[in-house]
Each structure stands twice: as structure tokens, then as C-alpha cells.
Trainee: 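Can you read through this structure? Questions will come right after.
Numbering of residues begins at 1 and proceeds along the displayed sequence.
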Amino acid sequence: MASDTIAAIATPPGFGGVGIVRISGPLVVEIAKRLIGRLPEPRLATLTRFRAADGEVIDQGITLFFPAPKSFTGEDVLELQGHGGPIVLDLLLRRTLELGARPARPGEFSERAFLNGKLDLAQAEAIADLIQSTTEIAARLAGRTLQGELSRRVERLNDGLVRLRTYLEATIDFPDEDIDLISTSHVAADLHTLVGDAEALLASAHQGRLIREGLNLVIAGPPNAGKSSLLNALSGTDVAIVTDIPGTTRDLLHQEIQIDGMPLHVIDTAGLRHARDPIEQEGVRRAWEQIDQADLVLWVFDTQSDPKHTGFDPGALPDHVPVSFIRNKIDLTGYPAGVRETATRAEVAISARTGAGMNQLREHLKTAIGFRGSGEGEFIARRRHLDALERARSNLSSAAETLESTAAFELVAEDLRQAQQALGEITGEFTSDELLGQIFSNFCIGK
């Protein structure tokens, strides 16, 4: 446990009916006695008066005492629930600092919970994800992660990996002993199962990451193709000005939308052409910048003026960015709505003005990014979780390939060791202090 005591206001800034000051550490008992005159009974809400150094009452409210180790942080914790005015809470916090506490850093209460074994790292991160959830499904999945769903899945995969490592290490270290040695075929079968489990876990984590972070969707194309109309149709509101004048959109327009609980960060861009006007030139430059950073580009073209899409130069787009063609204005030509696969990319025929084909476009967006829908998520996940799982799967696949090509158990065991370390990074078993600092610095103060 930490040697110092921390304190912070745990409720948002501003005015409210209730405000909370949270204290954790070895001085909690002493602070309670001097602040309210006694130590409350554990886990019993007690009406008390909070007093200043001269005995004057600062506020009256509820006190809750959680003795170690049965508290959120694993240390003695005291919560002071007073009236939610900023001045009152500041006076109360300053009084706790006078009595020996120090101001808590962002996320320090959760960090202590992790360091004291009350939560693993994935669960600690889920606290911040739950607070910052922007959709109902994101909050639900963050709650599952906080309850340990991701950690249990990682632990099950790790348990199978450890069992295989144990047999391999025994075979390597005691080749002449009379023990039940593992066969190459047995190792191959176990590795096949582990690779499958890792891929399934990675697929679930991918869903969780999409629900947590959303998708950067960039709408691009030539002027007057209907890009702003498409933004309005996706968002269900007239967020963009739509005219027949080429170059109406000169800057980036951002809009947050949802499809089946998956957040989309939609960016409408300036029409891409050789512009002479310096303002439009800057808009075009910003458009290309967003395209390069996109998770998916919707390239919109006008089916009336360019029915064969001859105005598109596929070499102009970055190779690493997925692109879907949007054949817009089908209401003017009678072209049927729907999704079609071309020789290079998918094409979705729509009318942003009438809404024809928009439902097919939404389904296409989910398919294009591998989103299975709001009912399929299991836990929330972060990019670092996906990175660790990718490395674990890669190490397991490498172990299987090594076994097939060389049957060298020593090399297989090393791949398994690296896979185990990658999995340990998710729950915090193997984690650098620098990474911990980055993670918890993004938490709220008081949490």
C-alpha cells in the first residue's frame, strides 16, 4: 500500500444536490476523528458535521468509512458526501489537506486499486470507459469488462498456453526422466486450439474497440457529387449547407452519428479538384489529410454526370485506406438502389436526397468494418488490447509453423513465452510504469 494519503473531489465541477470528497490512505482514521470527531462504523452511512480547525461547521452530510482491505482502493477509504456547491467542497477538500492528505492525481484511486490487487488493468481501464461512454451499448460492454469478462477470456487462453508450456519445458529439461512426455502431434493439436481461441478473442476485442472508439468515416469526391447531402442523410439533420454551386463546402464538417450502437465520426470534405481560390485550396488540402487518416472513405460520384465513374483516379487515394464507391443521385436516372461488388471495390447506389439505398448503405458500412451489431458485443476493448492480442496470436501461429518445419520444442516454447507475455500486458501482469502513467493520467480526478 502507498505510504501517503490522497484526497479529491469525486463529483463533477459545478453546482449539484450532492458533492463527494474521497480520501484514501493510512491517515484516513486520523482525518476522520479530527474532521467529524469520531471514526464511523464501517460501511454504515452516518449523518455527521464536518468541522474546520476552529470547530466551526463547514457542512453537514453523510460519511462512509471503508476499512482496508475491503474498499475500492484496498486501503482505508473515507467518503464525505456534502452539499454540491463548489465553495463548500473546496473548503472540505482543503480541510482534508490540512490534516495531512495530498491532492490526488487523475486516476490515482483506480491506480491504487490496481496496485493493491483489487482490479486488474483491463478492469481499471473499464472504469474510465464506463464514465466516458457515449452510447448505451458502450456503457453496457464497459460494465462487462469491469466485471472481468475480458480478463476471464484472457485468463482462459493463458491457462491453456501455460499448460502446454509446462509439458514442453518438462520435455526439454528432463529428456531422460521417466515422465509422460508430450508428443509432437499433441503439441500441434493444442497449438491449433490456442490459435483458434486467440482469433476468437481478437474478433470480440475488435467489436469492443469499434464500440468504444467508433470509426473515422470520411466522405470525399468531386464537387457537386452530393457529399454534403450524404452527410445530412446519414445524420438525419441538415448539418451541411447544400447548393448547386461547386465548392460550397470549403472546410471540414464533423458529425457524430450511431449505427446500431456503433459510433461513427463522419467528416464531410471539400470537393476535390484543382482549385484556384486559396481558401478552396486549403479545403482540398485538409480533405486529403483526412482521407489519409480515415478508417473508411466513402467516395461519392454523380451517376447522372459521370455514370461510368470515369472521373475517378484510383491511384490518387492512399493504398492503406479502404474505399467504398457511392453512386449518388439515382433518383435522377432510375438506377436501382443497392450494393454491388465491382472489380476493385464495393459500390452502393443511393439517393441522398430521397433516401433510396440509405438502409443498404448503413448495412454495407457495418459489413465493411466487420461490425456484427449491437447484440453481439461481449466487452469493451482498447487499441492496446488489440495490439497485445495480435502479438499473442502471431506468436502462437509462429509456434505452430516452427513445430511443423523443425519440431524444435525449444523454439516453440520461446514463442509461447512471448505469447504469454503479450497476454499479461492486457491485465497488467507485465506492464511498464510508463504505460501505467499514460493509462491513469486520462482518468478523472477523484476516480
Side-chain angles (χ1 to χ4, degrees), residues 1-116 118-119 124 126-134 139 142-143 146 440-447:
M1 293 188 182
S3 60
D4 54 354
T5 299
I6 57 174
I9 298 171
T11 41
F15 298 90
V18 176
I20 299 174
V21 172
R22 178 175 290 157
I23 314 163
S24 179
L27 291 180
V28 158
V29 172
E30 181 65 22
I31 289 174
K33 290 178 179 178
R34 296 181 63 182
L35 183 65
I36 64 177
R38 59 192 172 87
L39 183 65
E41 291 187 41
R43 293 172 292 279
L44 179 65
T46 306
L47 181 64
T48 54
R49 291 184 175 90
F50 313 131
R51 297 186 180 274
D54 59 4
E56 185 177 354
V57 175
I58 300 173
D59 193 12
Q60 178 174 280
I62 299 296
T63 303
L64 281 167
F65 172 55
F66 302 92
K70 296 182 179 181
S71 70
F72 174 71
T73 64
E75 306 169 338
D76 286 343
V77 171
L78 188 69
E79 287 195 357
L80 310 173
Q81 301 181 10
H83 294 91
I87 300 300
V88 173
L89 291 175
D90 184 62
L91 288 171
L92 196 53
L93 176 61
R94 284 193 297 179
R95 178 59 179 148
T96 66
L97 302 183
E98 290 173 3
L99 295 172
R102 67 162 175 82
R105 302 189 314 270
E108 191 168 4
F109 289 91
S110 298
E111 182 179 7
R112 290 190 176 198
F114 165 68
L115 294 174
N116 292 328
K118 306 299 289 187
L119 301 167
I127 295 171
D129 294 334
L130 183 60
I131 294 170
Q132 298 166 10
S133 296
T134 58
L146 179 57
F440 289 107
S441 65
N442 294 318
F443 281 48
C444 305
I445 293 177
K447 195 60 183 174

Trainee: Got a list of side-chain donor-acceptor pairs under 3.5 Å for residues 64-74, not counting sequence neighbours?
Mentor:
unit_1	atom_1	unit_2	atom_2	d
Ser71	OG	Gly74	N	3.0
Ser71	OG	Glu75	N	3.2
Ser71	OG	Glu75	O	2.4
Thr73	OG1	Ser24	OG	2.8
Thr73	OG1	Glu75	N	3.1

Trainee: Report yes if the side chains of Leu89 and Val21 come closer than 4.5 Å at any heavy-atom pair, otherwise no.
Mentor: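 SC-SC contact between Leu89 and Val21 confirmed.
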
Trainee: Tell me, do Asp76 and Pro26 make a side-chain contact under 4.5 Å, heavy atoms counted?
Mentor: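 Side chain of Asp76 against side chain of Pro26, heavy atoms only: no contact under 4.5 Å found.
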
Trainee: State, to 0.1 Å, how close Ala104 and Ile6 come at their nearest heavy-atom pair, and which atoms those are.
Mentor: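 In terms of heavy atoms, the two residues are closest at CB-CB, 3.9 Å.
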
Trainee: Give me each pair satisfying salt bridge (charged side-chain N to carboxylate O under 4.0 Å, His left out) with a member in residues 47-56, each pair once, sequence neighbours excluded.
Mentor: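 Found none.
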
Trainee: Over all heavy atoms of both residues, which pair between Val88 and His83 is shortest? Give the atoms and the distance, please.
Mentor: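 Nearest heavy atoms, Val88 then His83: CG1-O, 4.0 Å.
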
Trainee: Going by salt bridge (charged side-chain N to carboxylate O under 4.0 Å, His left out), name the pairs with one or both residues in residues 88-99, residues two or more places apart or in two chains.
Mentor: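 Residue pairs passing salt bridge (charged side-chain N to carboxylate O under 4.0 Å, His left out), neighbours aside: Asp90-Arg94, Arg95-Glu98.
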
Trainee: Locate the shortest heavy-atom distance separating Leu146 from Ala126; write the atom from each residue and the value.
Mentor: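 Reported closest heavy-atom pair: N-CB, 3.5 Å.
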
Trainee: Can you name the closest pair of heavy atoms from Ala101 and Ile31 and give their distance?
Mentor: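 Taking Ala101 first and Ile31 second, the nearest heavy atoms are CB-CD1, 4.1 Å.
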
Trainee: Under the side-chain contact (heavy atoms from CB on, under 4.5 Å) criterion, do Gln60 and Leu47 qualify, and how do the steps go?
Mentor: CA-CA 7 Å; Gln60 178 174 280; Leu47 181 64; 3.9 Å; yes

Trainee: How long is the span from the CG atom in Leu39 to the NZ atom in Lys33, to the nearest 0.5 Å?
Mentor: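 Rounded to the nearest 0.5 Å, the CG-NZ separation comes to 6.5 Å.
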
Trainee: So which heavy atom on Gly100 is nearest to which on Leu27, and how close?
Mentor: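 Answer, listing the atom of Gly100 first, then Leu27: O-CD1, 3.6 Å.
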
Trainee: Does any part of the side chain of Val57, heavy atoms only, come nearer than 4.5 Å to the side chain of Phe50, both counted from C-beta?
Mentor: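 Side chain of Phe50 against side chain of Val57, heavy atoms only: no contact under 4.5 Å found.
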
Trainee: Restricting to non-hydrogen atoms, name the atom on Gly143 and the atom on Leu130 that form the minimum distance, rounded to 0.1 Å.
Mentor: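 Looking at all heavy atoms of both residues, the shortest contact is N-CD1, 4.2 Å.
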
Trainee: Output side-chain donor-acceptor pairs under 3.5 Å for residues 440-447, partner residues at least two apart or in another chain, one line each.
Mentor:
unit_1	atom_1	unit_2	atom_2	d
Ser441	OG	Gly437	O	3.1
Ser441	OG	Gln438	O	3.0
Asn442	ND2	Gln438	O	3.1

Trainee: Is it the case that Thr63 and Thr46 place a side-chain donor and acceptor less than 3.5 Å from each other?
Mentor: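 Thr63 vs Thr46: no donor-acceptor pair found between side chains.
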
Trainee: Excluding sequence neighbours, so at least two apart, what forms salt bridge (charged side-chain N to carboxylate O under 4.0 Å, His left out) with Arg102?
Mentor: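 Expected list: Asp4, Glu108.
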
Trainee: Any salt bridge (charged side-chain N to carboxylate O under 4.0 Å, His left out) pairs touching residues 9-29, not counting sequence neighbours?
Mentor: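 Listed once each, the pairs are Arg22-Glu79.
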
Trainee: For Thr5 and Ile23, what are the C-alpha separation, side-chain angles and deciding distance, and is it a side-chain contact (heavy atoms from CB on, under 4.5 Å)?
Mentor: CA-CA 7 Å; Thr5 299; Ile23 314 163; 3.6 Å; yes

Trainee: Side chains of Leu92 and Leu80: closer than 4.5 Å at any heavy-atom pair?
Mentor: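 Heavy-atom side-chain distance check passes, below 4.5 Å.
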
Trainee: List the steps, then state whether side-chain contact (heavy atoms from CB on, under 4.5 Å) holds for Asp129 with Ile127.
Mentor: CA-CA 5 Å; Asp129 294 334; Ile127 295 171; over 6 Å; no

